[in-house]
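The structure appears right after this line, and notes come after that.
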Amino acid sequence: MSMNSPLVAEQATVNVIMLKVLAALLPAIAVYVFFFGPAILVSILLASVAALLTEAAVLHLRRYPLRVYLLDGSALVTAWLLALSIPPLAPWWLVVVGTVFAILVAKHLYGGLGNNLFNPAMVGFAALMISFPSHMTHWPAPDMLAQSHWSFTQQMDFMFGGEFPAGDRLDAITMATPLDTLKTQLHLDREISEIQSGKIFSILSGKGTEIIALFYLLGGLFLWQQRIISWHIPASFLAAMFGTAGLFYLFDPGHYASPMFHLFAGGTMLGAFFIATDYVTSPTTPMGKLIFGAGIGVSAYVIRVLGGYPDGVAFAVLFLNSAVPLIDAYTQPRVFGHAGKWFKGGKE
Amino acid sequence: MSEANYREIIWNGLWKNNAGIVALLGLCPLLAVSTSVVNGVGLGIATVLVMAFSNGIVSLARSWIPREIRIPVYILIIAVLVTIIDLSMNAFVQPLYLVLGIFVPLIVVNCNVLGRAEAFASKNAVFPSMVDGFMVGLGLTLTLAVLGGMREILGKGTLLSGIDLAFGASAKSWIITVIPDYHGFLLAILPPGAFIGLGLLIAGKNWLDQRKSARVEPAQASQAATAAA
Amino acid sequence: MRPLFPFHGGIHPAEHKSPSTQHGIAVAPLPARLVVTLRQHSGSPASPVVAVGDQVLKGQLIGAAEGLISSSVHAPSSGRVVAIEKQPAPHVSGLPDLSIVLETDGEERWVERQKMDFCNTDPALLRQHFQDMGVVGLGGAVFPSHVKLNASGLDTLVINAAECEPFISCDDMLMRERAAEVVKGISIAQYIMGAREVLIGIEDNKPQAIAAMQAACEETGFEVVAVPTLYPSGSAKQLIKLLTGKEVTSGGHPTQMGIQCFNVATVYTMHRVINHGEPVISRLVTLTGNMDEPRNYEVLIGTPIGDLLKLARPKADTTGYLMGGPMMGVPLLDLSVPVVKATNCIIATSQALFPPLPRAMPCIRCARCAQACPAELQPQELFWFSKSRNFEKAREYKLFDCIECGCCNYVCPSHIPLVQFYRFAKSEMLAHEKDRKAADLARERHEFREFRQEREKQEKAARHAAKAAEMAAKAAETTAGSGESVAGADDAAAAKKAAIQAAIERAKAKKAAVKPQNVDDLPAEAQAKIDEIDLRRAQASETAGQRVAIQKSDEGQGA
Amino acid sequence: MSIYTRHSTKLAMVLAAFALVGTSMLAVTFEATRDNIAASEKKAKLALIAQILPPALYDNDIIRDAADLPAVPELGTAEPTLAYRALKDGKPVAVVLEAIAPDGYAGKIKLLIAIKSNGEISGVRVVTHKETPGLGDYIEIAKSNWIKVFDGTSLEKYPSNEWKVKKDGGQFDYMTGATITPRAVVKAVHKVLVWYSANHEKLFSLAGTGATT
Amino acid sequence: MLNALLVMIGLAVVLGAVLGFASLKFRVEGNPLVEKVDAILPQIQCGQCGYPGCKPYAEAISAGNSAINLCAPGGEAVMLRLADLLGVDPQPLAADAALPKPKQVALIDEQTCIGCTLCLQACPVDAIAGAAKQMHTIIASECTGCELCLPPCPVDCITMETVDEGLGGWKWKYPVYPISEEEKDTEVTS
C-alpha cells in the first residue's frame, strides 16, 4: 500500500451510492405493485439476475475481481431502471435481452463502469423499443380499469409461456398509456379536452401512473437530500419540459396537453431524477448539468409530440448523452485565481 | 513480379488491410447494404468487378495520365465502369437491382476503389493491379458477407433470404432458417446493428491478430534463449 | 464582526488535535549528532562554508545562501563538523541529500548574538539579514521569507494561524504560550512591508489560542479573526480569499493586490532573529498519533527523528511515521532522517487511526471532487488527462493551479489516488519542459553554428577572390606575409590559424608524450574567459537571428 | 504561348480524350441494354399487378391501356396517376387504382388497389410507407398477410359504419398496440370503393395514354 | 446521345484547363512537416542516424527517404511519436539503441588538454570554450552529450560523465493501483 498522502478519506464507496439509488426507487415500486399487480416484481427480479450474470461473465473475461465489482451495485441500478421502463407483463425473454444488451453492449463494450458514453438502461430500452415495438407497447391497464383480472399464475403463464387464459385476449388487460392514447386520438381529430375525459385519464396524467410519478419525485428528493444527486439536472429537465409544453399549450390548448400532464406522464419523473442524473453519462460541471437537463426536457417533449414513439425521454437522454463531452468541454467553470469565464480553448 | 508479391497482395486485400474492417473506407454502402448475406454479396461482387477493371484500366493508362488530373481521370474511369454495371444489372438481374437500389451508383465514390487506383494501380503493372483490385474487392465482399450473415441471423433468424431475387423463384428453397419461430431482433437489421456488428468484426480481427502475434513472440523469445544458451 | 468570504469546497476531516495539546511545549534534549540538510528551503540549496573538522558555535553560519531564492543554514548547537556528505533526507523520494553532520559538544556555546533596532533600519537590510539568518516559511512550503517580504505600502498583512491539517498543533501551542513574542514578530513584518492592516486568521477550533492572541494584540491594532474550521483554510490563497475576499491571480503574487501572508511560526522566528539575534536553528514539532505521550517539543533543526520519537514513546502497533499532516504529509521511510525547517509534525500511524482505504474503483464521474476542490478545478478531468498522459490537456485544464491539498482524494467514493496522479503529471510536465528547453537551446546553437560556418566559407571565398585580384594587379610586389595581415582581423582566419596551431601542437604533444600543459591556468580565469565568450556568442546569436529573419523576408518577396 | 496555356491545353486534351472514350463506351452500353431494361421494368410492374389481379382474368395489355387520372381528393392523390384497366374480350373486368392514405402513423401510405367491375376488391398492396418498423409495418405483404383482409370485400359486404378496425367497432382485424396504421389503410380503401362506385363508368371511357412507364 | 458526348468533352476541356492552370499557380514550396519532425527529435545533433544533424534527418524523414527508427538518443519514445505524427507503423529500434541512456555531459581533463581546438570544431552546439594553446572547457549546461568530441581529441582527454541530477531530477512515478488484471496488462505494454 502506498503511504503517500492523503492518508485519510471518507469511507463512502460506490456501492453505498448505488444502494441509496435503489432504496429511493422502492416506494415507487410499491405503488407500482398496488396499481398494476406484482408482475413488475418478477420483471425486476428477472432483470437483476440477468444483469448480474452478464456482469459476472464479462468481469470474468476481463479479469476483474468479481466480488468488488458485482457488489458495486451499478448493474442492479441498470437492471431496475430498465425493468421499470418496460411494460410489466412483457415476455421474459424481452426483459433478458434488454438487460443483457444494456450490460454487454452499452456498458462493457465501452469499457465498463465509469467509461460508458450512454446510459446502459436507456440503450437497452431503445434496443427493445426499436426491435420489438409491439411488445413494448402492451402496457397493462391499471387494476381498476382492466376488463378482466388475471391471477398471478395466469400472469406468469403469459410472461413465461405466452399463454392467455382461455377465451381471453391481450386487449382485455392492456390499454394504451395516456401518452399513447393522446397521440393516437389526436390523429382522429379530437380535441385534448375530449380525449382527456377518457377513463384512463386522471387529475394530473393517467390513473395510477401519476401516483407512481409522484413517488419517483419523492425518491428523487430523497437522493437530493442525501447529496447523491444535485438539483441541477432534474430542475432544468422539468423546467424545460414544463416551459416547452406550456408554450405549446398556450398556443393551442386544443391540440397540446397541459404542461402538468407532461410532467407526470410517461417517463418524465423517472427520467429526471434517476436516469438523466446518472453520473457516468451526464456532465460534471454545474452549467453543463443545466444545459444537459434542459436539452433532455426540450427534446423529450419534441420527440413525444412530433416523433414516431409515444414517449421521448429515453431517446432524449441518449441524444444528450452523446453531447456530454462537448457540453463538459464548453462549460468548464472559472478556476480559482483566473479572471472571467473560462471556456475551452480560451487563452484568457 | 514474383509469386511472393502476389501472396502479399492477396493477404493484404483479404486480411491485413481489409477494406471493410481495417481501412474502414467506403462505410456508407458497407453499413447500408449488409442487412443480409445476399445483399452484401451482391454489392460486393459489383465492387469486385469495378475494382478489378478500374485498377486494370488505370494501370494500363497510367503512363498517359498527367499527375495533376489523375483524380478526375480515375473518377471518370470508375464512373464509366459503375454505370455499365448499373445498366447491366438493371437489364439482367432487375430484382437484385431494385434491392441494391441507390448503392450501386455509390460505388463511384467508394473510397476503396479510388484508393487502390491511386495507391496501387498507378504504380504497378496491369496484371498485378487487377489482382490487387480483385482481392481488395473480395476482402470487402467477405466482410459484407460475414456482416450480412451476422445481421441476418440476429435480425431475422435466417440465412440467404432474398437469394431468389438473384437466382429466380426456384432458389427460394435455398433459404436456411437458422432459428425457427424467431421474434426478429430488428435492431440488427437497422443501421445501429450495422455499426455494432462492424465494431464486433473489427474487435474480432484485432483479437485474432493479437493472439497470433502473442503466440509468435514467446516462440521467438524461447528461440533466442536457446540460441544464447 | 468582520465579514468572511468563504472559498469554494473544502472538507472536514477528523481533527485529532487535542491529544498533543494536553501538555505545554517541552524542550527536546540535545542529541549527540545533528544532520543539517543544505536544502532546508525551496530554491537552490545552500553551499557549505565550513570544512570537515571545523569547530562551530551554536548559531554559526555553516551553509550560505546561493542566489536569490535560497536561504542560509546555521549550526543548531556548538560542536565539530564531522562530515559534509549525502545523508538521508525527509523527502518523499527517499533520496539522500547533501548535509553537514555535526557532533555536539554539549556546551551550547553561542556565537556572538546581535540584536537589531528594526524600527531604524532600512527594510532592504532587514530582508538581507533574514536571508542570512535562514528565515523561511515554517508552514510547510519553506519559501525564503526575504523574497516574500520584498514589498512596501501593503494594504493587508495576513498572518496564517489557521493550522487546518488534522493532528498538527504546533502553531496552536506557540500562540497559547508565546503570543506576545508572535505579536512582536508581526510588528517586524508589518514594519518591513508597511502594512496598513494586519489580520490574524485562526480556525475556531483553537479558542485558547484565539484568546491568547487577542490579549496580546490589544493596543496593536492587529485583528484576530476566528475563521470556520474547514480544511484547507490554512492554504495561503484560500485564507486570503476567506479574510479579504480577494483571489490571488494564478501565477501571480498576493503583493500585486497589496496583500502578503506569513505563517505564525515564521513571524515568531523573525522576532527571535531581530530581538534576540538568534538564527533559525530550532522549531516546534508536534509528536502525535499512535503515541503514549503526544506533545509539542521545541526541537533543534537537524535532530534525527528517530531520537525525537523516543520522547513521545510510539505504541507497539505503530505501522509507520508521517512528517506533516495526514492530508499533505510525507511518509518517513527511514527514521535516521533529521528534523528540517519544514518539519511541523510527526505522526505515528496505526490501523486504528488510519484504516486502510477501500479498494480503488474506476471513476464514476460523480464530481464530488469538483465540489470539494478549493481551487475550483475539475479534478475528475485532470485525473483523466493525467492518467492517459495527456499533459497538454491537463495544462489546459489548469493542473498547475492544483495545490495538492488532497480534498478530492478525501471525498472520492472510488478512492482513486487522485493527488498522486497530479503529482506525477506535474513532475512529468516540468521534466518535459526542461527537456524541451534544452532541445531548443541545442537547436538554436546548432543552427547558429551552421550559419557561422556558412558565413566563414563565404568570407573566405570572397577573400580569396579579392586576394587573387590583388595579386593580379600587383604581380611581383606581394608574395608573402600579406595573408597574415588580413587574417588577423576576423574569426575565420583565427579558426584557420587555430587549425595550423593545432597541428603544431599535435606534433609537440607527440614529442612531449602526454606531459600536462596549462597547469598554471587558474580556474577563476578560465571561468571569466568562458563567460566572456558566452556573452559574445549570445550577441552574435541575436544578430544572426535578425539576419536570418531578414533573409527569410527577402526570400518571401522574391517568390 | 505561355507556360500556363501550354500546360492547360495539354491537360484539357488528355482529359477530353478520356471523356470521349468513356462516354462512348457508356453510349454503347446504354443502347445495348435499353430494351432489356424497359422489358424488365414492365415485367416488374406486371408482377406487382398480378399479385392483386390474377392475369387469367384479363387479356389486354394492361400497361398500355392505362388511363391518365387527374389528382382525386377522394383517392388522396395530389398528382395525376395511372388507372390500369383490365379488359376481357373488350369488356371491362377490373381496374387497378393508385391511392394514398394520408394519415398513417408516420406519414402517407401509398396503396395499389384492384377492384373488379362488380365492386368487389380483388386485392390491395402497400407500395410505399414510413410506418414504424416492427409495429406498423405489418401492412406490408412481406411482413404479414394482414393486407389480404380486404380480398373479396365490397361496399355491399359491410355497411359503411363497419369499415373500421375492430377496436373502433368495425370488421377489420389489427395488431394490438398499432391501430393507427390499419385504421388509415381501412379508411383509405373504403374511400376508394366509394369513389369507384360513383365513377367506374367514367373510368373506362377515359382515353388510354399508351404509356409504358 | 451526341449531347451527352459534347457535354462530357466540354466539361473535360474546361476542368483540365483549370487544373493545369491551378497546378502551376498554387504549387507549394517547402514543407511544414519538417518543422514538426524536427520538434520531436532530441536535438542532440550526434549524427548517429547517418545524417549530419537533427534537421537533415528531419528533412529526410519528411521526404519519406528515411526510416523513423534511426535516432538512437531519442530511443523508442521518439520513434513512437514519429510513427504517430506520420501515421506509419512503429518500427523496432536496433537492439543497442532501444535502451535509454542516462543523461551525459563531456568533461575535459584540464591537466591533459593541449589546447588543440579540434574538439571545438567537432562540437555541433559550440559548447566547448577555449582557443588555441589555451585550455578548453565544456559548458556543461549546453553540452548535449553527443560524444562527437571524443574521436578528434589527440590526447584522449575527454570523458563522458553521467549527470547525477539527484533530488532535482527526481520525478513522481506513475501511480499504480489495482483496477483489474486487464488494466495491469495494458499498463505494462504502454
Side-chain angles (χ1 to χ4, degrees), chain D residues 1-48 61-68 79-82 84 127-128 207-213, chain E residues 1-41 50-68 82-89 180 182:
Chain D
M1 205 152 116
S2 81
I3 178 166
Y4 285 113
T5 332
R6 212 162 52 230
H7 194 65
S8 301
T9 316
K10 185 190 151 206
L11 294 193
M13 287 304 118
V14 173
L15 201 54
F18 275 99
L20 179 66
V21 175
T23 317
S24 315
M25 279 169 68
L26 277 188
V28 173
T29 319
F30 181 71
E31 284 304 325
T33 54
R34 195 212 300 254
D35 292 344
N36 257 321
I37 290 174
S40 49
E41 273 173 0
K42 185 171 175 184
K43 214 171 101 191
K45 191 143 244 171
L46 277 175
L48 184 63
D61 183 342
I62 195 165
I63 304 271
R64 208 194 58 212
D65 289 350
D68 277 326
E79 312 254 311
T81 57
L82 289 174
Y84 304 98
V127 184
T128 58
T209 59
T212 51
T213 52
Chain E
M1 196 57 63
L2 195 64
N3 282 346
L5 250 164
L6 286 177
V7 167
M8 285 298 289
I9 290 170
L11 267 176
V13 169
V14 173
L15 292 178
V18 169
L19 282 174
F21 179 76
S23 67
L24 287 183
K25 184 81 189 170
F26 303 118
R27 179 171 293 164
V28 181
E29 303 284 354
N31 191 350
L33 190 61
V34 176
E35 299 299 322
K36 285 184 187 165
V37 175
D38 197 40
I40 291 175
L41 296 175
Y51 294 89
C54 293
K55 189 73 174 277
Y57 181 40
E59 278 160 4
I61 291 180
S62 310
N65 295 334
S66 180
I68 58 168
L82 286 175
D84 192 43
L85 174 73
L86 302 168
V88 298
D89 290 334
S180 77
E182 181 194 62

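Every chain is numbered from 1, with letters handed out A, B, ... down the list of sequences.
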Can you tell me which portion of D/Phe18 sits under 4.5 Å from chain E's heavy atoms? Options are side chain, backbone, both or neither.
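Neither part; nothing is under 4.5 Å.
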
According to side chain to side chain contact (heavy atoms under 4.5 Å, CB included), who are the partners of E/Pro52, at least two apart in sequence or on a separate chain?
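Residues passing side chain to side chain contact (heavy atoms under 4.5 Å, CB included) with E/Pro52: E/Pro56.
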
If a pair satisfies salt bridge (Lys or Arg N to Asp or Glu O under 4.0 Å) and one of its residues is in residues 3-22 of chain E, list it, with sequence neighbours excluded.
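Every candidate salt bridge (Lys or Arg N to Asp or Glu O under 4.0 Å) pair involving residues 3-22 of chain E fails, so no pair, neighbours aside, qualifies.
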
Applying a criterion of heavy atom separation less than 4.5 Å, what residues of residues 7-16 of chain E form contacts with chain D?
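The list, in residue order, reads E/Met8, E/Ile9, E/Ala12, E/Val13, E/Leu15, E/Gly16.
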
If the cut-off is 3.5 angstrom, what donor-acceptor pairs do you find between chain E and chain D?
from	atom 1	to	atom 2	distance (Å)
E/Ala17	O	D/Ser8	OG	3.2
E/Phe21	N	D/Ser8	OG	3.3
E/Ser23	OG	D/His7	NE2	3.4

